[in-house]
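To keep things clear, I will list the structure first and then write my remarks on it.
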Amino acid sequence: MPNNQWTTYWSRAQRGLGLIPTPCLKHQHMTLKAIPQSHMLRLRFAAFYETQPIEITNVYLSDSHNHYRLFFQGQEKVTLKPQDACWSDGIDIHEMNQSALTLDYDIVVSPDYHFVSGFERMDYDVFKEAPQQIYALNSIELQGSLKGCLCVFGDSIVEQGNYTRILQEKAMEKGYSLINLGLSGNRLLRQIECVDLQDTDNPEITQVLTQKVYQNISIDKQCFGISGLSRFIKEAKECHQVYQYIIAIGVNDLYQPGTFCALMSELPTLEDMQKGYMSLSEMIQDIPTLWCEITPFINNPHCTKEKEERRQQINLWLNQTMNQTVCFDNLTKEDMNEDGLHPNLLGGKKMAKEIEKCLNI
């Protein structure tokens, strides 16, 4: 019997792409990989990092024979105000060739506006072909055979996909999707507030942020995203049929202070982080949740004795407070990238093995 509830099949965390020097393509075209057999599909578009309204129009889902227009409450187009999101109406796809679907849509903006809400495509996305930067699209949901989804919420270690790719395959084998809501540089408690250009050789940042210290960074320049607490409400809470959350955020709260993008005074106390995690827990409520302890970064040049002690304090508290936690302190220097911050492919495999033991499927 088909599942008549909407289940999130795929979603990605948006960021402000205002640092990308070229404007995005106004026509977005992408080819989907084969999707699980389903009878309905809908899309979510979002403008979480816009500073002006954008219009989504000419949305079509096509197979090798036919083109089907998607509507928004019966209308052919929708206008999204800055920081808004909306769902398309559901479209019947049970007679379509679901192994060969393409998605097209147009984004209409004022002539002088470079729209900025999007993400850089990764190979774990559901697209066989797509632009490298994808704008406005946020989620794909299905009605059909999926039993539910697992939602992984975190930072660049999640976004890089070294362990989520493995877990995606495991989840799909059991009839579930796995949602990667990782966002590079994202912190649980704070967004970027200033950038010290003396400490970065990134030409894209230097090109746009021409002052020595760029204060009060606007929403469209939030390349590391808004705080995880705010992002969870907009993104993770909007996933449907979640069977389990996997929370893996916090390392940047400790790592970033003292780097080019965060002042050392932004280093949170243990109590700050406790309050942040408890706020997430209250939002999650009764959905089973696996809390990932903060990964080690002791071999990174920005690690200090104070940061490492804080990391251990936080992890001990998580382990003693949350119902289910997983520890990754067994990641050795050989399992990390050269930056000493991000696990490499072998480290990702080790992480996936530990998390798989705790999956609620």
Side-chain angles (χ1 to χ4, degrees), residues 2-14 17 24-50 52-109 113 115-119 121 125-146 149 177 179-181 234-235 237-241:
N3 181 357
N4 291 317
Q5 292 182 293
W6 289 111
T7 302
T8 306
Y9 170 54
W10 165 89
S11 186
R12 278 291 300 277
Q14 290 187 347
L17 290 178
C24 88
L25 298 173
K26 291 180 172 61
H27 178 75
Q28 299 277 298
H29 171 78
M30 50 207 71
T31 303
L32 301 181
K33 299 173 185 175
I35 66 175
Q37 193 64 34
S38 305
H39 58 274
M40 296 287 288
L41 176 147
R42 70 175 181 177
L43 306 173
R44 187 184 192 223
F45 293 93
F48 293 147
Y49 295 87
E50 303 300 334
Q52 297 183 26
I54 65 173
E55 181 182 284
I56 310 297
T57 187
N58 298 325
V59 185
Y60 284 93
L61 191 69
S62 309
D63 61 13
S64 51
H65 302 292
N66 297 290
H67 306 284
Y68 302 88
R69 183 187 285 272
L70 277 79
F71 295 90
F72 302 88
Q73 295 185 347
Q75 303 300 308
E76 295 183 356
K77 60 185 179 182
V78 65
T79 298
L80 289 177
K81 296 178 181 179
Q83 289 83 65
D84 276 355
C86 73
W87 290 101
S88 74
D89 300 338
I91 182 172
D92 190 335
I93 62 171
H94 81 278
E95 292 186 354
M96 298 178 69
N97 180 359
Q98 297 180 22
S99 64
L101 295 177
T102 59
L103 173 63
D104 290 86
Y105 58 94
D106 293 329
I107 309 175
V108 180
V109 297
Y113 182 52
F115 30 103
V116 297
S117 294
F119 54 89
R121 178 168 59 93
D125 284 316
V126 297
F127 312 115
K128 189 182 300 182
E129 295 178 358
Q132 186 55 42
Q133 278 85 35
I134 296 175
Y135 289 77
L137 186 65
N138 177 241
S139 300
I140 299 175
E141 295 202 335
L142 303 174
Q143 287 182 3
S145 58
L146 284 175
C149 71
S177 59
I179 311 303
N180 184 320
L181 291 181
K234 291 175 176 287
E235 298 170 3
K237 288 284 285 184
E238 292 299 320
C239 290
H240 293 97
Q241 291 286 92

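Just so you know, these numbers use all the heavy atoms, side chains as well, and skip hydrogens, waters and symmetry mates. If you're wondering where the values come from, they're calculated on a predicted model, not measured in any experiment.
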Q. Out of curiosity, I140 CD1 to W10 CH2, how far, rounded to the nearest 0.5 Å?
A. 5.5 Å
Q) Could you go step by step and tell me if L103 and V59 meet the side chain to side chain contact (heavy atoms under 4.5 Å, CB included) rule? A) CA-CA 7 Å; L103 173 63; V59 185; 4.2 Å; yes
Q.
I'd like to know if the side chain of K234 reaches the main chain of A13, judged simply by a donor and an acceptor atom lying under 3.5 Å from each other, with no hydrogens or angles considered.
A. no
Q. For the side chain of S99 and the backbone of A34, is there at least one donor-acceptor N/O pair under 3.5 Å apart?
A. no
Q.
Would you say NZ of K77 has more than 12 non-hydrogen atoms from neighbouring residues, nucleotides or ligands within 6.0 angstrom?
A. no
Q: Using a 4.5 Å cut-off on heavy atoms from C-beta on, say whether the side chain of L61 contacts that of L70.
A: yes
Determine all donor-acceptor pairs shorter than 3.5 Å in which one atom belongs to a side chain in residues 85-94; sequence neighbours excluded.
from, atom 1, to, atom 2, distance (Å)
S88, OG, L43, N, 3.0
D89, OD1, Q73, N, 2.8
D89, OD2, Q73, N, 3.1
D89, OD2, G74, N, 2.8
D92, OD1, H94, N, 3.0
D92, OD1, H94, ND1, 2.5
D92, OD2, H94, ND1, 3.3

Q: Evaluate the side-chain proximity of M96 to L101: yes if any heavy-atom separation is below 4.5 Å, no if none is.
A: yes
Q. Side chain of S38, backbone of P36: donor and acceptor closer than 3.5 Å?
A. yes
Q | Any side-chain heavy-atom pair of S117 and I54 under 4.5 Å | A | no
(Q) Within the 4.5 Å heavy-atom criterion, are Q241 and L146 side-chain neighbours or not? (A) no
Q. Given the rule in the side chain to side chain contact (heavy atoms under 4.5 Å, CB included) test, do T31 and T102 qualify, once you have shown the distances and angles that lead to the verdict?
A. CA-CA 4 Å; T31 303; T102 59; 3.8 Å; yes
Q. Which distance, rounded to the nearest 0.5 Å, do you find between the NE2 of H240 and the CZ of R42?
A. 5.5 Å
**Q.** Partners meeting ring pair (Phe, Tyr, Trp, His ring centres under 6.0 Å) with Y105 (sequence neighbours left out)
**A.** F45
Q: Identify whether the distance between the nearest side-chain nitrogen and carboxylate oxygen of E76 and R69 falls below 4.0 Å.
A: yes
Q | Spatial distance of atom NE2 (H29) from atom OG (S62) [nearest 0.5 Å] | A | 8.5 Å
(Q) Show the nearest heavy-atom pair for residues T8 and C239, with the distance to one decimal. (A) OG1-CA, 3.3 Å
Q) Is there a donor-acceptor contact under 3.5 Å linking the side chains of N97 and D63? A) no
**Q.** L80 and E50, any side-chain heavy atoms less than 4.5 Å apart
**A.** no
Q: Would you confirm whether R12, through its side chain, and F119, through its main-chain N or O, come within 3.5 Å as a donor-acceptor pair?
A: no
Q) Any side-chain heavy atom of D106 sitting closer than 4.5 Å to one from K26? A) no
(Q) Are Q28 and L137 packed together at the side-chain level, in the sense that at least one heavy-atom pair is separated by less than 4.5 angstrom? (A) no
Q. Is the number of heavy atoms from other residues, nucleotides or ligands within 6.0 Å of CD (Q132) greater than 12?
A. yes
(Q) With a 3.5 Å distance limit and no angle check, can you tell me whether E235 reaches the backbone of L181 through a side-chain donor-acceptor pair? (A) no
**Q.** Flag side-chain contact, heavy atom, 4.5 Å: Y49 against L17
**A.** no
